[in-house]
Amino acid sequence: MAQKESKTYTCRECGYMTSKWLGKCPSCMTWDSFDVTPSSQQTAAKASASATPAVKLTDVTTDSSVRFKTGMSEFDRVLGGGLVNGSLVLIGGDPGIGKSTLMLQISKYLADGGKKVLYVSGEESMSQIKLRANRLKINNPSIYLYSETDTDAVVNKALDERPDFLIVDSIQTMNKKELSAVSGSISQVREATGAFMSLAKNEGIPVLVVGHVTKDGAIAGPKILEHMVDTVLYFEGNNDHSFRILRAVKNRFGPTNEIAIFEMAQNGLAEITNPSELFVSKQSFDVPGSAVVASINGTMPVLVEVQALVSTLPHEGRPRCVVDGIDYNKLSLLCAVLQNRVGMDILSKDIFVNIAGGLTINEPAVDLAAILAVYSAGKGIVMPKGTCVFGEVGLAGEIRGVSFAEKRISEAFKTGFRRLIIPRDNLDAAKEYEDDMEICAARNIREAAEWIIDRAKNNRGDAK
Ligand code: TYD
Ligand code: MG
């Protein structure tokens, strides 16, 4: 009996592999999506595995991982101090958020610094890019444009041109002819990312790849790119605000959660170096339901205002809870704590909470600001003037200490706040400010609430 050649089948949508042809992919549930895996692909994978020799740790030099500054200081900070040679950075964000604008501006900084940049666009023609460049007043001969969607052609062009820096806008438009899947499908996106990754690693060229975020919030294909690349930056913001937040959600060469804030203006993105002043400058000081939190994003302290509105139900039915900028479940939990530990009737009311300016804060230190904003709105009392708060709130209503307390306090002081409500556990960090600031170091939410009521009753205007 002749020996049967073993075949592998690959799902063209998600890359799932099987030894038997299947009608429906068990991984992504797509029908009729299996193709025979080209044997070249299988053998190539095996061959490349043994091609590179193992090197002694002591013999490895670190030259290849030297950082260089792009010149755009906020962007460099998010990367952890500049771009690492041979790294692949993914910039994800909603369509229209400003990714291409950011890429072109970074190209300008690099070109001004004497670097050669190859900007590959699979979305726009050269004249469209030129139009944007005119708007941004960018005109530098060291920026090379290339309009192409073929992954191999782009890699070859990069090998020919040997730029110091490669930009691919966007990864969803790149495709490999051998694959039957359409552009933007998981297997195409994965192949393209793999190709640019090897280019970055083998040639030491840093590559910046733009990726559109799909409706459900994941970069297409879902999470597949994140583990492949070195750094993942998300460009966040919404259309109601001109602020854009660039956040490092993964970084092999720097701290995660680091953020940089930009403002989208008529002629491009402007870096904002003092975000605290910006976010609290319009704080609603004399309205109940506003509390300022000193949050930490990566290594950067940012003061932001949490706003809350509590209204008695005008309608029949379940009370509503609408949240923007902090976690919905966390807020429900905080409201339950208010109801049960402080005895405030809150769960029967409609509650609206948001972070002014469109920032999203995920760290637990925002708990205290959120709960106090809701408390202040529910009671109809204004927070004492110039108060900044931070702290994690537990189910028993206890306020727990958080990290970077000193950094938070110093940012609050610098921005002009002279009152603090902080966890008792963090009191040590406030020692040097005791003469200049009025400090409430609370053990639980009840103590914090009493401190606020006391100041409202005595109508003690300004702090120290
Ligand atoms: P773009 O960079 O094309 O977004 P993306 O690549 O993420 O899809 O930015 C598009 C938006 O930015 C568009 O709505 C117009 C706005 N914009 C400005 O407000 N000012 C500018 O200088 C530029 C170039 C764009
Ligand atoms: Mg674009």
Side-chain angles (χ1 to χ4, degrees), residues 70-72 74-75 78-79 88-112 117-140 143-151 154 165-175 183-184 188-189 192-193 196 207-221 225-226 229 231-249 259-272 278 357-360:
T70 62
M72 194 175 202
E74 288 298 281
F75 184 71
V78 169
L79 289 172
L88 185 77
V89 181
L90 173 71
I91 307 244
D94 291 329
I97 198 82
K99 300 181 294 298
S100 304
T101 308
L102 181 68
M103 291 302 104
L104 206 53
Q105 287 188 252
I106 291 169
S107 305
K108 177 192 181 284
Y109 277 102
L110 288 163
D112 285 351
V117 182
L118 180 61
Y119 186 115
V120 179
S121 179
E123 300 195 334
E124 291 156 315
S125 66
M126 308 228 184
S127 54
Q128 284 169 323
I129 303 172
K130 178 73 183 171
L131 276 178
R132 180 183 289 118
N134 286 345
R135 188 170 175 186
L136 300 172
K137 300 192 174 62
I138 298 175
N139 198 15
N140 193 314
I143 304 175
Y144 289 73
L145 302 183
Y146 186 49
S147 186
E148 181 57 72
T149 56
D150 186 80
T151 310
V154 172
F165 193 80
L166 174 70
I167 292 174
V168 180
D169 186 3
S170 69
I171 194 73
Q172 274 98 349
T173 58
M174 294 296 138
N175 65 68
S183 315
Q188 284 288 13
V189 164
T193 310
F196 297 129
V207 183
L208 249 168
V209 167
V210 169
H212 292 293
V213 169
T214 50
K215 278 206 191 82
D216 54 10
I219 291 181
L225 300 186
E226 285 196 8
V229 304
T231 304
V232 180
L233 308 178
Y234 275 95
F235 214 22
E236 309 164 355
N238 59 35
N239 292 334
D240 307 338
H241 300 100
S242 53
F243 305 124
R244 301 283 182 267
I245 294 127
L246 189 67
R247 189 188 294 272
V249 295
I259 63 165
I261 298 169
F262 298 90
E263 186 167 13
M264 180 62 98
Q266 272 308 308
N267 44 6
L269 293 156
E271 298 174 79
I272 290 174
L278 179 91
L359 204 72
T360 300

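Counting convention: from 1, in listed order, for ligands and their atoms alike.
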I need the contact residues for ligand 1: any residue with a non-hydrogen atom closer than 4.0 Å to the ligand, ordered by chain then number. Asp94, Pro95, Gly96, Ile97, Gly98, Lys99, Ser100, Thr101, Arg132, Arg135, Leu136, Met264, Ala265, Gln266, Asn267, Gly268
Using modelled atom types only, decide if a donor and an acceptor are shared between the side chain of Ser147 and the backbone of Glu124 within a distance under 3.5 Å. yes
Main chain of Met264, side chain of Arg244: is a donor-acceptor contact present, judged purely on distance under 3.5 Å? no
Under 3.5 Å, side chain of Glu74 to main-chain N/O of Glu271, donor-acceptor pair present? no
Check whether Lys99 reaches the backbone of Asp94 with its side chain - one donor and one acceptor, N or O, closer than 3.5 Å. yes
Short side-chain to backbone donor-acceptor contact, Gln105 and Leu102, under 3.5 Å: no
With sequence neighbours left out, what residues match Phe243 under ring pair (Phe, Tyr, Trp, His ring centres under 6.0 Å)? Phe279
Partners of Thr360 by side chain to side chain donor-acceptor pair (under 3.5 Å), sequence neighbours excluded? none
If you take all heavy atoms of Ser170 and His212, which pair is closest and at what distance? OG-CD2, 3.7 Å
Can you check the number of protein N/O/S atoms within less than 2.8 Å of the Mg ion (ligand 2)? 1
Side-chain donor/acceptor of Arg247 to backbone N/O of Val78, under 3.5 Å: no
